[in-house]
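One-based numbering, in listed order, for ligands and for the atoms of each. All of these numbers come straight from a predicted model, not from anything done at the bench. The basis for the numbers below is simple: all heavy atoms, side chains too, and nothing from hydrogens, waters or symmetry mates. In this chain, residues are counted from 1 in sequence order.
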Amino acid sequence: METVLEIAPGVSLWRERLDRAAQRALLGEVLAQAAFYKPVMPGSGKPFSVEEFNFGPLGWYSDKSGYRYTSTDPRTAEAWPPIPPALIDLWKATTNHPAPPECCLVNLYRAGARMGLHQDRDEQAIDAPVLSVSLGDEALFRIGGTTRKGPTRSVKLGSGDVLTFGGPARLAFHGIDRVLSGTSTLVPGGGRINLTLRRVTA
Ligand code: SIN
Ligand code: MN
């Protein structure tokens, strides 16, 4: 029996939705193809503390000229690799959304990396939820409302946990306060990988 926790209206959490074998298989597929890059903030050029890569017809990319969705990796002009089938299945099983995801953003958190509170708002399809899969070290995830100032709550995400936020929470501010280094041995070299799936076009 699998249980889903309603963290807040529109925010659902499945603890260890992926068992260890599924986590290993997915991680293997991701690491075999991912060529991580260090995104920088548009304008300032300040580097993110995470490294990123994308799968899918559209990839979310940030460099000095801005953040945007691209159909190819701007470094190589090659298409991003297809989204791993296990993630498409997971999207179908957890989101109830009729259209497939178009972007799988991969975030790699090595020691000390974090992600400030932000909204995912570069997509037209805000009727589709955001699906997030955690692999490796535990992390403190924070999620609030649709204004930056409102109350937030913090939830620890562990390896294999699957979270969706949609409906009233689709534009919720969220981020990673910190990663608890050394809490998992899954990721070679240590750290955490987050896979975020989104529908982009309406
Ligand atoms: C993100 O919001 O892009 C990443 C969230 C996470 O790492 O869990
Ligand atoms: Mn996000």
Worksheet item: For ligand 1, what are the residues with a heavy-atom contact below 4.0 Å?
Response: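 Lining ligand 1: Asn107, Tyr109, Met115, His118, His174, Ile176, Arg192, Asn194.
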Worksheet item: Do Phe173 and His118 have their ring centres less than 6.0 Å from each other?
Response: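 Not under 6.0 Å, so no.
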Worksheet item: Do the non-hydrogen side-chain atoms of Ser132 and Val162 ever get within less than 4.5 Å of each other?
Response: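 Result no, sub-4.5 Å side-chain heavy-atom pair not found.
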Discussion item. Suppose we screen for side-chain hydrogen bond (donor to acceptor under 3.5 Å, both in side chains). Which residues come up paired with Arg15, at least two apart in sequence or across chains?
Written reply: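 In terms of side-chain hydrogen bond (donor to acceptor under 3.5 Å, both in side chains), with neighbours along the sequence ignored, Arg15 is linked to Asp161.
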Practice prompt. Of all N, O or S atoms in Asp120, identify the one at the shortest distance from the Mn ion (ligand 2).
Written response: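 Nearest N/O/S atom: OD1.
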Residues [X] and [Y]: side-chain donor-acceptor under 3.5 angstrom:
| X | Y | result |
| --- | --- | --- |
| Arg142 | Thr152 | yes |
| Trp60 | Thr70 | no |
| Thr201 | Gln124 | no |

Item to complete: Give a yes or no on whether the backbone of Val50 and the side-chain of Arg110 come within a donor-acceptor separation of less than 3.5 Å.
Response: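 The answer is no, because no donor-acceptor pair under 3.5 Å joins these two groups.
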Worksheet item: Roughly, to 10 degrees, what angle do His118 atom NE2 and His174 atom NE2 form around the Mn ion (ligand 2)?
Response: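 Here the angle at the metal atom is close to 90°, to 10°.
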